[in-house]
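Before any comments, here is the structure.
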Amino acid sequence: MSSGGDAPRTSGEVPLGPVVAGWPGGFCPETDLGQPGEFPFTRGIHASMYSGRLWTMRQYAGFGTAEETNRRYRFLLDRGTTGLSVAFDLPTQMGLDSDASLAAGEVGRVGVAVDSLADMRTLFRDIALDRVSCSMTINATASVLLALYVALADEQGIPRDRLSGTVQNDILKEYVARGTFVYPVRPSLRLAGDVVAFCAREMPRWNPVSVSGYHIREAGSTAAQEIGFTLSNGLEYVSQALSRGLRIEEFAGRMSFFFAAHNDLFEEVAKFRAARRIWARLMRERFEAPDSCCRLRFHTQTGGSTLTAQQPMNNVVRVTVQALAAALGGTQSLHTNGYDEALGLPSASSAALALRTQQVLAEESGVAAWVDPLGGSFVVETLTQRLEAEALDCMRRVEEHGGAAEAIGVMQDDIHRAAYKFQREIESGARAVVGVNRHQSGEAPDPPVQPSYQEMEARQRASLAARREARDGERATQRLRQVREAAAGDDNLLPVMIGAVKAGATLGEISDELRRVWGTYRNPV
């Protein structure tokens, strides 16, 4: 194995960084590290990593109406972003149309409102779906949003097997950490499995589930808990897919993961490496998966909970450190937060600067020229070993309680305790946060200019009413009945959902049919 250094690279030669032999504590470079692109993928899932292809630069965006969000997407694409990441408002995430009584005051506030196929057309106007990778952060209603996306592609004449992107579709972490669940656990897992099975059959370039540690970490977990609980959820999705008769080769290679990047540079790098190694070994040992299905591919987003409203320009530095950790840790795609997101939705200028942060790292820092440049570092390898052991302890705790679907309360409790400990450290001053409990300035930040949400909500409701009036109501009702019948049976729901949205049925109407059959989830106290 070649060592790192400053010597120029010749054509075809990939610098791998140093590896130290003779480590204490049972660490073995041959089995615990291996080569980049080879099992157990500690050093990365590709042999050449970024010297062969850069990570995808995504910018998470969505606010107000589909029209406003479309303008932001085209703004970012014009400035070099290579993938879109859609943020949906809370009513869309909860299966509510914009005119639902429970949606009042929330339409378009934390993401874009999408009620129907017409909104999806507007959202991606002048954007070729077969030329851009699209990630949709949506869970309880992931199947409906995917149905809308597929219906739009069908309208544009784009074959489904040419669509690339991700639908998060990770409902377990909603129960554990985030809260935008709708249906009970078992029907929700069935719905997530329908998405996996549909994509395996018709959308081979699409990632049907992105198992999210990001929201677990944002809820206050430790780095080790982020790994352990995320991978436990991932094992549940694998088991669900296998129980439907899918072979491991049909879906596991398209599973992806989603992690946070926080401020402890070396711990975060080690976290990504440990997660890859654990997942690879579990997939081989438990499911006899081939190496192509053992690669943990992941997207990273810099930590929203680390951003401070005090001295918000400091967040530029935090985001840079976190993005560097993601690159050094071998991420496949990356979103960098805007420095002003602790105050409100990111401005166009802060979103552009966040994208430029990635571009500077990729094109000026030299980090993309090396594969696992910190591999062999005593600090990083020690941290990787420690996090692996702690994460496996978390996974054992979940399995002792019956697996991820049965251990929701256990994971919640552990995360709450970790969050409480973290906050106490900040309040006591034991953990430094510049501008908050260190180096305060006393200056209040300028509040962001907020859009007129009431006016925007009224426009969205009026538009939705007009679409309902213009559609063939009998056809829409028939298609919704088919959704209800499929939910009561065992058939895959995606085909009937696609038919329903093409007939003008709305996201809320489809979700209501599922609620009638399955009921809703009540979080136990």
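Just so it is clear, the values below take in all heavy atoms, side chains as well, and ignore hydrogens, waters and symmetry mates.
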Can you tell me how far the CD1 atom of Ile138 sits from the OG atom of Ser210, to the nearest 0.5 Å? 13.0 Å
Does the side chain of Leu324 come within less than 4.5 Å of Leu361's, by heavy atoms? yes
Can you tell me if Gln332 and Thr56 form a side-chain donor-acceptor pair at under 3.5 Å? no
N/O donor-acceptor pair under 3.5 Å between Asn263 side chain and Val321 backbone: no
One pair to check against side chain to side chain contact (heavy atoms under 4.5 Å, CB included): Ser212 and Gln168. What are the steps and the verdict? CA-CA 8 Å; Ser212 177; Gln168 192 164 96; 4.1 Å; yes
A side-chain contact here means heavy atoms from C-beta on lying under 4.5 Å apart; do Ser135 and Val86 qualify? no
Leu514 side, atom CG; Arg190 side, atom CZ - distance, nearest 0.5 Å: 8.5 Å
Where is the tightest heavy-atom contact between Asp194 and Asn492, given as atom of each residue plus distance? O-ND2, 3.0 Å
Do the side chains of Phe287 and Leu282 get nearer than 4.5 Å, heavy atoms only? no
Do the side chain of Asn169 and the main chain of Ala142 share a donor and acceptor less than 3.5 angstrom apart? no
Any side-chain heavy atom of Asp414 sitting closer than 4.5 Å to one from Phe229? yes
With a 4.5 Å limit on heavy-atom distance, are the side chains of Arg286 and Leu235 in contact? yes
Work out which heavy atom in Gln311 is nearest to a heavy atom in His439; give both atom names and the distance. NE2-O, 2.9 Å
Quick one: closest heavy-atom pair of Arg254 and Pro208, and the distance? O-CD, 3.4 Å
Separation of Leu507 CG from Phe88 CZ (nearest 0.5 Å): 9.0 Å
Which residues share a side chain to side chain contact (heavy atoms under 4.5 Å, CB included) with Ala275, sequence neighbours left out: Ile227, Phe259, Leu296
Does Ser305 offer a backbone N or O that forms a donor-acceptor pair with the side chain of Glu218 under 3.5 Å? yes
Taking 4.0 angstrom as the limit, do Arg217 and Glu268 come out as a salt bridge? yes
Is the closest basic N to carboxylate O distance between Arg178 and Glu174 below 4.0 Å? yes
Aromatic contact, Phe124 with Tyr149 (centres under 6.0 Å): yes
For the pair Glu68 and Arg72, evaluate salt bridge (Lys or Arg N to Asp or Glu O under 4.0 Å) and give the outcome as yes or no after the intermediate values. CA-CA 7 Å; Glu68 293 173 279; Arg72 176 62 62 87; over 6 Å; no
Check Ser188 against Tyr175 and note the closest heavy-atom contact, atom names and distance. OG-OH, 2.9 Å
Side-chain heavy-atom pair Tyr237, Val196 within 4.5 angstrom cut-off: no
So that I can tick it off, tell me whether Glu390 and Arg396 are bridged by a salt bridge, with the cut-off set at under 4.0 angstrom between side-chain N and carboxylate O. no
Please confirm whether the backbone N or O of Ile45 pairs with a side-chain atom of Arg295, one donor and one acceptor, at under 3.5 Å? yes
Are the side chains of Val167 and Val209 in touch, meaning some heavy atoms are under 4.5 Å apart? no
With ring centroids as reference points, do Phe258 and Phe298 lie under 6.0 angstrom apart? no
Evaluate side chain to side chain contact (heavy atoms under 4.5 Å, CB included) for His335 paired with Asn337, printing each intermediate quantity in order. CA-CA 7 Å; His335 164 83; Asn337 291 328; 3.0 Å; yes
Spell out, as yes or no, whether a donor-acceptor pair under 3.5 Å connects the side chain of Thr81 to the backbone of Met57. yes
Does any N or O in the side chain of Asn207 come within less than 3.5 Å of the main-chain N or O of Thr166, such that one atom is a donor and the other an acceptor? no
Under 4.0 Å between a Lys/Arg side-chain N and an Asp/Glu carboxylate O for Arg186 and Glu406? yes
Would you please test Lys271 and Glu388 for salt bridge (Lys or Arg N to Asp or Glu O under 4.0 Å) and show each step? CA-CA 8 Å; Lys271 179 186 75 180; Glu388 179 177 18; over 6 Å; no
Just verifying a value: how many Å separate Leu231 CG and Arg276 CZ, rounded to the nearest 0.5 Å? 12.0 Å
Is Tyr214 reaching over with its side chain to a backbone N or O of Thr302, donor-acceptor style, under 3.5 angstrom? yes
Working to the nearest 0.5 angstrom, can you tell me the gap between Asn139 CG and Leu191 CG? 11.0 Å
Counting only heavy atoms not in Arg201, do more than 12 sit closer than 6.0 Å to its CZ atom? yes
Gly429 to Arg438 - nearest heavy-atom pair and separation: O-NH2, 3.0 Å
Do Arg297 and Ser333 have side-chain N/O donor and acceptor atoms under 3.5 Å apart? no
Between the side chains of Lys173 and Glu226, is the shortest nitrogen-to-carboxylate-oxygen separation below 4.0 Å, so that they form an ion pair? no
Give, for atom CZ of Phe272 and atom CG of Leu328, the distance between the pair rounded to the nearest 0.5 Å. 10.0 Å
Taking the side chain from Thr331 and the backbone from Leu334, do they hold a donor-acceptor pair closer than 3.5 Å? no
Using a strict 4.0 Å threshold on nitrogen-to-oxygen distance, state whether Glu106 and Arg109 make a salt bridge. no
Would Leu355 and Thr336 count as a side chain to side chain contact (heavy atoms under 4.5 Å, CB included) here? Give the steps. CA-CA 7 Å; Leu355 175 60; Thr336 34; 5.5 Å; no
Take Met411 and Asn233, measure what side chain to side chain contact (heavy atoms under 4.5 Å, CB included) needs, and give me the verdict at the end. CA-CA 11 Å; Met411 291 187 275; Asn233 289 345; 3.8 Å; yes
So, Glu341 side chain and Gly338 main chain: donor-acceptor pair closer than 3.5 Å or not? yes
On the ring face of Phe39, is Arg284 found with NZ or CZ under 6.0 Å from the centre and within 45° of the axis? yes
Any Ser511 side-chain heavy atom under 4.5 Å of Thr141 side chain: yes
Quick check: Phe257 with Trp279 (ring centres under 6.0 Å apart)? yes
Minimum heavy-atom separation for Gly253 to Cys293, with atom names? N-SG, 4.0 Å
Charged N to carboxylate O under 4.0 angstrom, Asp413 versus Arg417? yes
Can you list the steps and then say if Glu381 with Arg273 is a salt bridge (Lys or Arg N to Asp or Glu O under 4.0 Å)? CA-CA 9 Å; Glu381 299 303 350; Arg273 301 168 86 253; 2.9 Å; yes
Leu148 pairs by side chain to side chain contact (heavy atoms under 4.5 Å, CB included) with which of Leu146, Val150, Leu145? Leu145
Mark yes or no for whether Arg277, through its side chain, and Pro40, through its backbone, hold a donor-acceptor pair below 3.5 Å. no
Within 6.0 Å of CZ in Arg205, more than 12 heavy atoms from elsewhere: yes
